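Working notes for the structure below.
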Amino acid sequence: MHTHLTTSPQEAAAYLRAGDLVAFPTETVYGLGADAFNADAVATIFTAKGRPIDNPLIVHITRLDDIALLAKDLSRDARTLIEHFFPGPLTVIVTKKTDVPDVVTGGLGTVGLRMPRHPVAQAFLEACGVPVAAPSANLSGRPSPTTWKAVYDDLDGRIACLLQGDRSEAGLESTVVDCSETTPVVLRAGVITLEQIRAVLPAIRSPKPDERQAARSPGARYRHYAPHAQIHLVAHPREIDPHTSAAYLGLDAPATPHAFGLVCACETVEAYAHALFDFFRRCDTAGIQIIYCQTVEPVGLGRALMDRLRRAGSV
Ligand code: TXA
Ligand code: MG
């Protein structure tokens, strides 16, 4: 079976309503969706991606009314976040209704809610008419896809339909905030920054890679975002001995860019984040063995960027 390519949200939604998998663009990265209330369809997401079955999925909606189908009761903190950041690149973890299939939430009593702000994602979700469970549309462990081509490279033949859109605006995933317990905790740094959240929820705690957090965010246990090449973090490109099987990605330009196989020097942290996963995939295509990535200050979007760099580099 080849994957059907389309630019029509309505055509893509027909596949999803029939119980098939559909990849679709969002402002963060591409998602791989199934009808959240069709447990059999959701189960096929895990086989298509090779994803561990205990890693829960985020449920995507386009109407605030749909929250009532999924969440039991919303804490005040959850309401505050939804009011300020929906639609947008934030996922809020809340206590789930019993009707949400266990396969969506990895057996947890909570569910992640996200309302994308990408117009094609919104048109697709609207046409689906049901909440859509969706992880990032990559093979498990690979860099998240920021173009439809990256989705196609990973999943052609494994999914029924791919809704083609533009390149993802952010290039990194949504921020995941757990609001199911007393103190709200960031489980995954993402596009909405800790500073932005703190402005509306002063009690927010920043992520700490301790055991407890690993238990609360099952996804944090697995290797992620990794190209085939080895990742090496550097403070400045002057520390590197360049060679043609090496690549460089960072803010400062190296003195001898032509000595590298591939180079991407970005003007801003936003541009760096936008380039990251696509650059990793280009390095794989080019047969790069080692990717030198410049570290950035872990503030604002730099926090999410450093999280991805560290995790892509850890074996
Ligand atoms: O930007 C995004 O969030 C993209 C787009 C497609 O929306 N989606 C995405 O999904 O990145 P995924 O599955 O690749 O990452 C979701 C993360 C995982 O680390 C998962 O463990 C965590 O969110 N998560 C989902 N539901 C959870 C829950 N109920 N409790 C704790 N963590 C949860
Ligand atoms: Mg993912």
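All ligand and atom numbering here is 1-based and tracks the order in the structure. Model, not experiment: these values are computed from the prediction.
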| Value rounded to 0.5 Å, distance of CG in Leu249 from CZ in Arg282 | 9.5 Å
| query | Got a salt bridge between Arg63 and Asp66, using NZ or NE/NH1/NH2 to carboxylate O under 4.0 Å? | reply | yes
| SB check Glu195 Arg303 (cutoff 4.0 Å) | yes
| With a 4.0 Å cut-off, would you call Arg188 and Asp178 a salt bridge? | no
| query | Backbone or side chain, does any N or O of Thr91 fall under 3.5 Å from an N or O of ligand 1? | reply | no
| message | For a quick check under 3.5 Å, do Ser8 and Thr6 share a side-chain donor-acceptor pair by atom type? | response | no
| Any Thr105 heavy atom less than 4.0 Å to ligand 1 | no
| task | Indicate yes or no: does Arg238 engage Asp252 in a salt bridge with an N to O separation below 4.0 Å. | result | no
| field | Spacing of CD belonging to Glu169 relative to OG1 belonging to Thr26, to within rounding of 0.5 Å | value | 9.5 Å
| Close-contact set for ligand 1 against Thr28 heavy atoms, below 4.0 Å | 1 (O), 2 (C), 4 (C), 5 (C)
| query | If you count the atoms of ligand 1 from 1 in the order shown, which ones are under 4.0 Å from a heavy atom of Leu108? | reply | 28 (C), 29 (N), 30 (N)
| Ion pair present between Glu27 and Arg114, side-chain N to carboxylate O less than 4.0 angstrom? | yes
| message | Polar contacts were defined as any N/O atom of the residue lying under 3.5 Å from an N/O atom of the ligand; does this apply to Arg51 and ligand 1? | response | yes
| message | Could you tell me, atom by atom, which parts of ligand 1 come under 4.0 Å of a heavy atom of Ser136? | response | 8 (N), 9 (C), 10 (O), 12 (P), 14 (O)
| task | Give the ring-plane orientation class for Phe24 versus His60, where under 30° counts as parallel, over 60° as perpendicular and anything between as tilted. | result | perpendicular
| Which atoms of ligand 1 are found less than 4.0 Å from any heavy atom of Asn55? | 18 (C), 20 (C), 21 (O)
| message | Which of the numbered atoms in ligand 1 are under 4.0 angstrom from any heavy atom belonging to Gly31? | response | 6 (C)
| Backbone or side chain, does any N or O of His60 fall under 3.5 Å from an N or O of ligand 1? | yes
| task | Run the contact test for Lys96 against ligand 1 with a 4.0 Å cut-off on heavy atoms, strictly below, and give the result. | result | no
| query | For ligand 1, is any non-hydrogen atom under 4.0 Å from Val191's backbone (N, CA, C, O), its side chain (CB onward), both, or neither? | reply | neither
| said: Please check this pair: side chain of Thr268 against backbone of Ala271, looking for a donor-acceptor N/O pair closer than 3.5 Å. | reply: yes
| query | Would you call Asp154 and Lys149 a salt bridge, using N to O less than 4.0 angstrom? | reply | no
| Can you check whether Thr110 has an N/O within less than 3.5 Å of an N/O in ligand 1? | yes
| Close N or O approach (Glu173, ligand 1; < 3.5 Å) | no
| task | Cation-pi check, Arg308 to Tyr225: give yes when NZ or CZ is under 6.0 Å from the six-membered ring centre and within 45° of the ring axis, no otherwise. | result | yes
| remark: So the protein N/O/S atoms within less than 2.8 Å of the Mg ion (ligand 2) come down to Ser136 OG
